[in-house]
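Note that the structure is a prediction, hence the values are computed from the model and not measured. Protein chains get the first letters and strands the later ones, always in sequence-line order, with residue 1 at the start of each.
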There are 2 protein chains.
Amino acid sequence: MTPTRNDAPPVDPLATSIRDAGLKVTAPRVAVLTALADMPHVDADTVFRAVRETLPGTSLQAVYGVLGALTGVGLVRRFDPAGSPALFERRVGDNHHHLVCSHCGTIRDVDCVIGAAPCLTPVDTAGFRIHTAEVTFWGLCAECAADPRNSSDPIDSTTHTHSEETP
Amino acid sequence: MTPTRNDAPPVDPLATSIRDAGLKVTAPRVAVLTALADMPHVDADTVFRAVRETLPGTSLQAVYGVLGALTGVGLVRRFDPAGSPALFERRVGDNHHHLVCSHCGTIRDVDCVIGAAPCLTPVDTAGFRIHTAEVTFWGLCAECAADPRNSSDPIDSTTHTHSEETP
DNA sequence: GTCTAGTTTTGAGTTATTCAAAACACCACT
DNA sequence: AGTGGTGTTTTGAATAACTCAAAACTAGAC
Ligand SMILES: [Mn+2]
Ligand SMILES: [Mn+2]
Ligand SMILES: [Zn+2]
Ligand SMILES: [Zn+2]
């Protein structure tokens, strides 16, 4: 026995988060956030190709702009591992860290042991006012470690033997 | 009363380190190592300009090649902070970490509290065989923190108000 | 001294990203 | 509901950092 009329616009939590961050709600922004919802740690071009599926007119530059805007207001986090283009994810505000496979580039989240940022502080801060400790663990992912070709010399960012999952 | 003749070539520790690493000793390689000796955390182009002073014919591509070769054998360390080109330094083998000013890009070394790499290990390694934990502390350097213009919003990688010292 | 694998030069190409001007659209206000 | 203005996106171009490849050269083994 709900009323027959319902004029209230559907409360889209994605749109609300964008508006609450002080940004205008636009189709490219919603599409980028939606794409990031099910693909963590993807580069701008991967986001671009995903967005194109639902919003074909979108330009790559728009995706760069949207990612920059969303990162600027804290709705998206940007992460720049050496040897990879910048990666983006929606998991923000929990100061977690990353495992990167130095062979295939696969990335996994690791929870921060300490919790709040900065989770670590150096003994001598050299006068810096530190706000973040970024920790990147480099190693071989289970799949790459299992491959006997990778048993020697674990540091190798040039050859990728198995398909990359991210991105 | 030393003998009048001394045919033994002067033992250049730089050349020796290159040879001991299994690489041929060449002028560009010595020049790059020499340049890095008094400039820590510099990018390839800065090394290139320094090398040109003593070895004018050297090409930028040679510098990239030398830096890659020296990094490959562990004589030089490469470090890739977000928003900056790759930086190189001669301080290797001690697994130290870095402080980066998010405003002006200044970099300072910080000793690793633990010592040997990987100095940290995540609670859940997700099957990774970890060999390195890279820690980058982001914050405002003393100079940037003193500037009242930077008192609000500490994260700002777009505007640089004072001269950058590195690189 | 000669030879050769390793290195550098020369020249070009690529990737990831940024910049700028013009067209467009969200939404505050009437 | 219509309109205006500012923030956003498109269109088009440029850039920085780096990589690739072939030809010329050279350190060091013999
Ligand atoms: Mn993550
Ligand atoms: Mn250092
Ligand atoms: Zn892997
Ligand atoms: Zn600074």
Side-chain angles (χ1 to χ4, degrees), chain A residues 7 9 12 14-16 18-33 42-49 51-52 54-73 75 78-88 105 157-160 164 167, chain B residues 9 12 14-16 18-33 42-49 51-52 55-73 75 78-88 105 157-160 164 167:
Chain A
D7 289 355
D12 180 350
L14 236 47
T16 305
I18 295 171
R19 208 183 330 262
D20 287 355
L23 296 173
K24 286 184 181 173
V25 178
T26 67
R29 284 175 176 167
V30 174
V32 164
L33 270 190
V42 285
D43 62 22
D45 194 66
T46 304
V47 173
F48 172 59
R49 293 197 312 274
V51 165
R52 284 232 140 172
T54 54
L55 212 63
T58 316
S59 69
L60 176 60
Q61 289 81 343
V63 171
Y64 271 105
V66 168
L67 288 171
L70 295 178
T71 302
V73 298
L75 285 178
R78 181 185 167 140
F79 156 61
D80 251 281
S84 160
L87 305 178
F88 299 87
S157 54
T158 54
T159 45
H160 288 197
E164 296 169 36
Chain B
D12 180 352
L14 236 48
T16 305
I18 295 172
R19 207 182 334 261
D20 288 355
L23 296 174
K24 287 185 181 174
V25 178
T26 66
R29 282 174 179 171
V30 174
V32 165
L33 269 191
V42 285
D43 62 23
D45 194 67
T46 304
V47 173
F48 172 59
R49 293 198 312 273
V51 166
R52 285 233 138 171
L55 211 63
T58 315
S59 70
L60 176 59
Q61 289 81 343
V63 170
Y64 272 106
V66 168
L67 288 171
L70 296 178
T71 302
V73 298
L75 285 178
R78 180 185 167 141
F79 156 61
D80 252 280
S84 160
L87 305 178
F88 298 87
S157 54
T158 54
T159 45
H160 289 198
E164 296 170 33

Subject >> Distance below 4.0 Å between B:T26 side-chain N/O and C:dG6 OP1 or OP2 >> reply: no
Original post:
Whole-Å distance between D:dG28 C1' and B:I18 CD1?
Top reply: 14 Å
Original post:
CZ of A:F79 to CG of A:D43: how many Å apart, nearest 0.5 Å?
Top reply: 12.5 Å
Original post:
Of all the nucleotides listed (D:dT9, D:dG28, D:dT6), which has the minimum atom distance to the side chain of B:V25?
Top reply: D:dG28
**OP:** Go through C:dT17, C:dT7, D:dT10 for me and flag the one nearest to the A:A62 side chain.
**Re:** D:dT10
**OP:** Identify whether any heavy atom of A:L23 sits under 4.0 Å from a base atom; if not, whether one sits that close to sugar-phosphate; answer base, sugar-phosphate or nothing.
**Re:** sugar-phosphate
**OP:** Could you work out which one of C:dA16, C:dT8, C:dA25 sits closest to the side chain of A:K24?
**Re:** C:dA25
**OP:** Please determine which of B:L75, B:T26, B:L70 meets the side-chain contact (heavy atoms from CB on, under 4.5 Å) test together with B:V32.
**Re:** B:L70
**OP:** Find the distance B:L33:CG to C:dT7:C1' and express it as a whole number of Å.
**Re:** 15 Å
Original post:
Roughly how many Å is it from CG in B:L67 to C1' in D:dA17, rounded to a whole number?
Top reply: 13 Å
**OP:** Return the nearest nucleotide to the side chain of A:R19; candidates are D:dC18, D:dT9, C:dC27.
**Re:** C:dC27
Original post:
If you check the B:Y64 side chain, which of D:dT8, D:dT19, D:dT9 turns out closest?
Top reply: D:dT19
Subject >> d(CG, B:D80; P, C:dT17) in whole Å >> reply: 12 Å
Original post:
Atom CZ of A:R78 to atom P of C:dA16: distance rounded to whole Å?
Top reply: 12 Å
Subject >> Nearest to side-chain heavy atoms of A:Q61, which nucleotide of C:dT18, D:dC18, D:dC20 >> reply: C:dT18
Original post:
Any side-chain heavy atom of A:P28 sitting closer than 4.5 Å to one from A:L55?
Top reply: yes
Original post:
Nearest of C:dT17, D:dC18, D:dT8 to any side-chain atom of B:A86?
Top reply: D:dC18
**OP:** By nearest nucleotide on DNA chain D, pick out whichever of B:D45 and A:G57 is the more 5' one.
**Re:** A:G57
**OP:** Could you tell me the separation between the CZ atom of A:R29 and the P atom of C:dC24, rounded to a whole number of Å?
**Re:** 19 Å
Original post:
Is any side-chain heavy atom of B:F48 less than 4.5 Å from a side-chain heavy atom of B:D45?
Top reply: yes
**OP:** Check the pair A:L33 / A:R29 against side-chain contact (heavy atoms from CB on, under 4.5 Å), numbers first and verdict last.
**Re:** CA-CA 6 Å; A:L33 270 190; A:R29 284 175 176 167; over 6 Å; no
Subject >> Separation of C:dT10 C1' from B:F48 CZ (nearest whole Å) >> reply: 13 Å
Original post:
Which residue, B:A27 or B:F88, contacts DNA chain D at a nucleotide closer to its 5' end, judged by nearest heavy atom?
Top reply: B:F88
Subject >> Between C:dT8 (P) and B:L70 (CG): distance, integer Å >> reply: 9 Å
**OP:** Assign B:S59 to base, sugar-phosphate, or nothing according to its heavy-atom contacts below 4.0 angstrom with the strands shown.
**Re:** base
